[in-house]
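Heads up, the thing below is written out as structure tokens.
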Number of protein chains: 2
Amino acid sequence: MAHIIVLGNEKGGSGKSTTSMHLFAALARCGHQVGVIDLDLRQKSFFRYLENREAFINRTGTKLPMPVRHVLEYSTFDSVAAAQAEEEARFSVALNRLDETCSYILIDCPGSHTRYAQMAHAAADTLITPMNDSLIDFDLLARLNPETGKVLGPSVYAEMVWKARQLRATAGLKPVDWVVLRNRIATLNARNKRRVGSALTELSKRIGFRVIPGFGERVVFREMFLSGLTLLDLKDTGDISLNISNLAARQEVREVVKSLNLPDVSI
Amino acid sequence: MAHIIVLGNEKGGSGKSTTSMHLFAALARCGHQVGVIDLDLRQKSFFRYLENREAFINRTGTKLPMPVRHVLEYSTFDSVAAAQAEEEARFSVALNRLDETCSYILIDCPGSHTRYAQMAHAAADTLITPMNDSLIDFDLLARLNPETGKVLGPSVYAEMVWKARQLRATAGLKPVDWVVLRNRIATLNARNKRRVGSALTELSKRIGFRVIPGFGERVVFREMFLSGLTLLDLKDTGDISLNISNLAARQEVREVVKSLNLPDVSI
Ligand SMILES: Nc1ncnc2c1ncn2[C@@H]1O[C@H](COP(=O)(O)OP(=O)(O)OP(=O)(O)O)[C@@H](O)[C@H]1O
Ligand SMILES: Nc1ncnc2c1ncn2[C@@H]1O[C@H](COP(=O)(O)OP(=O)(O)OP(=O)(O)O)[C@@H](O)[C@H]1O
Ligand SMILES: [Mg+2]
Ligand SMILES: [Mg+2]
């Protein structure tokens with residue numbers, strides 16, 4: 001049974017697609033065949049990144065790993081109940097098909113609430129929620145008392161995850177490993193970073209996730225979109241620009257993969 | 001007739017809510033009564049920021065400008081046609097009500113495609129599209145040839161804006177001023193910034209927007225969410241931490257307001 005990793009956060013621009021791409025590259029380099037589903041059916045940032053990668057492979061002849069892609073469409077049924085049933089069937093077919101050939105399935109969610117995203121959250125063995133170091137992003141997990149900074153209660157995204165966990169428990173599946181990954185961390189300004197950090201620590205105990213140090217704000221994480229490459233691919237493409245930021249970025253990716261404690265993955 | 005400013009970009013986390021908050025603060029300080037609508041009905045980041053501001057005013061007694069908020073709800077009709085008609089009516093009521101007392105109406109859109117967002121784009125006198133300095137964000141405006149970097153064609157968000165402009169023309173309204181605002185600009189790495197910049201310049205001629213230099217990546221734009229303050233409010237709250245980044249941020253806000261060429265606004 002393939003291990004299912006879901007990248008989820010209703011907050012837009014938190015880094016789901018970027019993390020999906022880099023996690024795919026890391027898993028592929030550990031020798032795994034990776035299946036991927038992009039649930040952001042309008043934007044498709046993750047699948048667009050992969051299209052660019054495929055175009056790069058075709059025009060340069062460079063050997064680079066590619067995942068097995070499964071494309072999903074929304075149901076066009078008018079009735080909500082019929083549409084939901086059709087989407088559940090399609091989602092289930094997608095997982096089964098990818099499971100035939102892949103040891104890992106990566107699912108990138110949109111920055112909005114959709115039925116497919118809800119299904120993905122229930123199917124996740126590992127749920128990764130990237131977030132900016134910002135109390136605006138934090139607000140989607142939980143509301144804080146603006147005067148004391150204490151947690152008042154869960155917000156819309158945490159409630160969605162809770163509902164998915166209930167569905168998972170009802171289905172008799174083992175509990176999800178919910179990992180919050182800090183992304184676009186600023187090099188300066190320790191105060192804001194500490195505030196978000198302590199809010200996350202307090203909340204993690206209450207709603208059951210663990211926090212891992214993630215990625216700094218680094219242009220190398222976004223400047224290779226057109227070529228479909230990630231910094232992990234630079235050995236194969238012969239581009240050995242090993243500046244300090246790239247070395248640090250590589251180490252960040254390694255640390256993230258290690259802290260995910262994934263089966264049959266050694267970094 | 002109030003001047004309607006819409007913050008739109010289907011790409012999540014591009015800075016719509018952050019720009020909405022700072023633009024509100026700037027307009028209020030120019031003496032304008034500002035009406036606001038938050039169309040991100042699930043996340044409500046802009047209205048949450050304003051709730052925190054109101055709580056700050058109440059507990060500290062500080063005098064700070066507040067906007068006139070109008071809350072919209074989705075229609076619960078089953079039929080898509082009936083829901084659309086109800087939402088159009090509610091949207092129209094919202095604009096008329098705010099127009100009674102406000103010279104400016106600010107509408108913050110979600111990072112996804114909704115009917116209300118489509119209506120807002122057609123109603124906009126000024127449409128501001130913030131975006132990260134990233135070809136991943138750019139991909140929602142237009143697809144680039146991955147080999148040559150040339151524009152291949154419009155993407156899903158540019159098509160949505162085009163459709164809104166047609167609706168606007170049909171309604172006999174004067175053309176929208178579509179402004180793309182660069183946000184979270186990195187201090188280093190000129191190469192990526194140049195690539196995005198030249199892609200924007202080429203696209204702006206083809207699909208009719210203008211580009212304005214926007215905001216740098218600065219913690220001051222996000223660290224005051226809990227108090228509901230912006231850096232423009234710090235004079236009133238007696239917090240005169242005038243470090244270099246804050247002075248630069250203040251200047252960036254001033255430049256943005258100036259380049260928007262808004263009626264009865266002098267900075
Ligand atoms: N660690 C990082 N360093 C620099 N830029 C980053 C980093 N992570 C993400 N970005 C940039 O931030 C923006 C948002 O990232 P991304 O598209 O991965 O987020 P997302 O959560 O998938 O967004 P959406 O909600 O729209 O699907 C993109 O322009 C991306 O290139
Ligand atoms: N100029 C900036 N400097 C530093 N941080 C910023 C800046 N602009 C935005 N941010 C941060 O980036 C994140 C995304 O910004 P914001 O919520 O305003 O985007 P949005 O387009 O409204 O997102 P959504 O699509 O979810 O509505 C937030 O954590 C915000 O605090
Ligand atoms: Mg994405
Ligand atoms: Mg927003």
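When reading the values below, keep in mind they use all heavy atoms of this one structure, side chains included, and skip hydrogens, waters and symmetry mates. To find a chain, count down the sequence lines: A is the first, B the second, and so on, and within it residues start at 1.
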* Does any heavy atom of chain A fall under 4.5 Å from the side chain of B/V156, the backbone, both, or neither of them? -> both
* B/L135 portion near chain A, given a 4.5 angstrom heavy-atom threshold -> both
* Is it the side chain or the backbone of A/I136 that comes within 4.5 Å of chain B heavy atoms, both, or neither? -> both
* Can any side-chain N or O of B/R222 pair as donor or acceptor with the backbone N or O of A/D137 at less than 3.5 Å? -> no
* To do: Return the option, out of B/R184, B/E217, B/E10, with the maximum number of heavy-atom pairs under 4.5 Å with chain A.
  => B/R184
* A/D133, part contacting chain B, at a heavy-atom distance under 4.5 Å -> both
* So, for B/G111 and A/Q43, which heavy atoms are closest and what is the spacing to 0.1 Å? -> O-NE2, 3.7 Å
* Asked: Looking at B/S45 and A/L140, what are the two nearest heavy atoms and their distance?
  -> OG-CD1, 4.3 Å
* Interchain contact, B/Y49 with chain A, by part (heavy-atom threshold 4.5 Å) -> side chain
* Structure fact -> Bottom line for B/M21: the part with an atom under 4.5 Å from chain A's heavy atoms is neither
* To do: Kindly compute the distance separating NE2 (A/H113) from CG (B/L41), expressed to the nearest 0.5 Å.
  => 13.5 Å
* Given that the side chain runs from C-beta out, which part of B/T18 has a heavy atom under 4.5 Å from chain A: side chain, backbone, both or neither? -> side chain
* Asked: What distance separates A/R218 CZ from B/L188 CG, expressed to the nearest 0.5 Å?
  -> 11.0 Å
* To do: Just give me the residue among A/N145, A/N192, A/D139, A/N52 that pairs up with chain B most often, heavy atom to heavy atom, under 4.5 Å.
  => A/D139
* Asked: Taking all non-hydrogen atoms of both residues, which atom of A/E223 and which atom of B/R195 are closest, and how far apart?
  -> O-NH1, 3.3 Å
* **Segment of B/R191 engaging chain A (4.5 angstrom heavy-atom cut-off)** => side chain
* Do other residues, nucleotides or ligands put more than 12 heavy atoms under 6.0 Å from the CZ atom of B/R250? -> yes
* Asked: Quick one: what part of A/F56 sits under 4.5 Å from any heavy atom of chain B, side chain, backbone, both or neither?
  -> neither
* Asked: Tell me, side chain or backbone of B/R59 under 4.5 Å from chain A's heavy atoms, or both, or neither?
  -> side chain
* Asked: Using non-hydrogen atoms only, which part of B/E147 is less than 4.5 Å away from chain A: side chain, backbone, both, or neither?
  -> both
* With respect to chain A, which residue among B/D78, B/V219, B/N132 yields the maximal number of heavy-atom pairs within a distance under 4.5 Å? -> B/V219
* Residue A/R42 versus chain B: region with a heavy atom under 4.5 Å -> both
* Largest heavy-atom contact set with chain A, pairs under 4.5 Å, which of B/K16, B/R143, B/E51, B/K44 -> B/R143
* Structure fact -> Applying a strict 4.5 Å limit to non-hydrogen atoms, the region of B/S227 in contact with chain A is neither
